[in-house]
Amino acid sequence: MPRRSAAVTIAIPVDADFPTLMRIPFRLVAILLASLVAVHASAADVADTFTPADNFDLADLYPTPAAWDADAQKLESQFAALAACKGHLGDGVARFRDCIDLRYALHKRYNRLAVYSGEALAADTSVAEAIARDQRADLLGSALGEADAFFDPEVLALGKARIDGYLAADTALAIYRFPLDEVLRRAPHTLDAEGESLVAAFGAMSDTGRNAYSIFTNAEMPWPAIRLAGGGDAKVDQVGYETLRESPVRDDRKRAMDAFFGAYKGFERSFGVLLSGQARQAMAFAKARRYADSITATLDERGIPVAVVDTLIAETDANLATLHRYFRLRARMLGVTEMHYYDIYPPLVKGDYRYTLPQAKALVLDAVAPLGPGYVEAVRRGFASRWMDAPPRPHKETGAHMAGAAYDVHPYVLMSFTGNYESLTTIAHEWGHAMHTSLAAGAQPFATSRYAIFVAEIASTFNEALLLDRMLKAAKGDDERLFYLGSALENLRATFFRQAMFAEFERAFHAKVDRGEPVTGESLTRAYCDILKRYHGDAEGVVHIDDVDCVEWAYIPHFYGAFYVYQYATSVAASSLFAERVLANQPGARDRYLAMLRAGGSGNPYELVRNAGVDLATPAPYRALVARMNAIMDRMEAILAKR
């Protein structure tokens, strides 16, 4: 997952997607927090507020690196015992229970190892020992995946009747009911033990395209420089581009975007080879598992119907008028008569609202109050217990993420808090993930604690919606309200419409590969250009798309993880509906939402969301999100009309 919007960022061989409540007096906290609502701080004040307690404490995982090494050796020593289970799952219920217990115990140990190595490296990417330890964790994960590759085929060989008999004979096996049912559900697409072992071995190479792309774009790609309108030169690498595209100087934005996408255009053919190669790998794995196409194979890993993606794209296409309304409002607020693609990133409303870290934590605690005292107390305990690493520093991994795979410990949040409003929303977002993990771990055994990405981003964007509601209620005037509304509107544009656009493009080029048609960098640019122009209303004169903009597909790393991006759009649509109902105090809405979080990975993720009250295979949630965007624009235009 990308770091800003990811629930968990560590690859886990079993249940590869993701995941009591702590008690602290809440009412007094809420009263104290109310006085902090609109207090802002300078950048210097933000830095001055950091203390050692603002760095997370990895000792909760392992007290020393030597303890990690010892546990890693213990994991390796247990591989032989797992291997001894091969061919013996049918020896009887006792042997089956011993083997499945061992399997999950090994994965739980590996997860803890992986969180420690991953977060130690993220905290300081310059430490050679941390790099080596994280690589060792990757190797352990691959070895574990190969070691238990026999398991699913043997379960299938036993068959549903035998497995049901085991479950009836030993109630201790009940915690494995859903994982075993999932294995049986995928029976038509599971290979024999030799085939599964071969797929696991080839899986080690499945990230070659992604890794090559990452190394080239982050370490070797030659980046251009531009002359700024105010004088001086600026390098337009990825960080420079993200900064310059928000520049208030329009000519700088244009030159930066032209130069940045021009750099990608120079390697269009190479990027085409990398991406089409990654798509062909997805096709090969789909064929090996006897699926009709890549999208069905990928979504079926978690039992998600393809109708979810199809409905999302159809509803987005049907509501492009709302996106075009947004762009026209943007043009009005920026004071431009002809919108171009380089005009879509400058903030709609300027506002230098600043917060210290304690103030940001207080605001988030107050914002999530609609979820009840238990939820708030859990967040507060996490804040106080060094679950988060917040201070910016050299060599720290950029972006933000939550690592929640260490079942017996607690989730970890990493970010770089700079004191601006985005940092505040990042805390709300990542702690939505952290509380989802904490609630699931508190309610579920390890075997069903790991929730799917499909659900994960609902928890994070739900908390962002609560924060927006909190900030709007406390805003001191129209300028501040306009700032929060504009930020929310831009977020919905980027999270819903932009990700749906990516999903439509991704579905199209994977379909071409699945059909055996050639896919080149040039053809990818043409296909992306058609979708980009349609979404941005180029033909209607809404946003003009220049030719160089059409190579933007090569800049999006998410495409190297097949059929991932759609989940941002579905999640924000679902969370908008959930938040609307909770904030309106609809009977049972909060309980259903929290029950979904506590369910973790105990059921089909699509069905968990549907049972909580939102069916993402129907138009309703997408139409509700579009209505929310229009309501925000109504409020913004009413404020602007008073000026």
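Please read these numbers as outputs of a predicted model, since none were measured by experiment.
- Counting only heavy atoms from C-beta outward, the side chains of Met596 and Phe578 approach each other to under 4.5 Å.
- Salt bridge absent: Arg112 and Asp60 never bring a charged side-chain N and a carboxylate O closer than 4.0 Å.
- Ring geometry for Phe417 against Phe50 counts as perpendicular: the plane angle is over 60°, on a 0 to 90° scale with 30° as the lower cut.
- Ring centers of Tyr421 and Phe483: under 6.0 Å apart, within the cut-off.
- A salt bridge does not link Arg628 to Glu580: none of the charged nitrogens lies less than 4.0 Å from a carboxylate oxygen.
- Looking at Asp310 and Arg507, a side-chain N of the basic residue comes within less than 4.0 Å of a carboxylate O on the acidic one, giving a salt bridge.
- Side-chain atoms of Ser571 and Phe454, non-hydrogen and from C-beta on, never get closer than 4.5 Å to each other.
- Side-chain atoms of Ile458 and Leu597, non-hydrogen and from C-beta on, never get closer than 4.5 Å to each other.
- Here the side chains of Leu492 and Ile632 are in contact, with some heavy-atom distance below 4.5 Å.
- In this structure, Lys361 satisfies the cation-pi test against Phe383, with its NZ or CZ atom closer than 6.0 Å to the six-membered ring centre and inside 45 degrees of the ring normal.
- Using a 4.0 Å cut-off between charged side-chain N and carboxylate O, Arg186 and Asp181 make no salt bridge.
- Contact of the Arg498 side chain with the Phe502 side chain is registered, since non-hydrogen atoms from C-beta on lie closer than 4.5 Å.
- A donor-acceptor contact closer than 3.5 angstrom links the side chains of His401 and Glu119.
- Looking at Arg109 and Asp408, no side-chain N of the basic residue comes within less than 4.0 Å of a carboxylate O on the acidic one, giving no salt bridge.
- Arg185 has a carboxylate O that lies under 4.0 Å from a charged side-chain N of Glu182, or vice versa, which qualifies the two as a salt bridge.
- Using a 30° and 60° split on the angle between ring planes, Phe446 and Tyr407 fall in the perpendicular class, above 60°.
- The shortest side-chain heavy-atom distance between Tyr535 and Glu504 falls under the 4.5 Å cut-off.
- For His410 and Tyr412, the gap between ring centers is short of 6.0 Å.
- Pro305 has its side chain within reach of Tyr606: a pair of non-hydrogen atoms, C-beta onward, lies under 4.5 Å apart.
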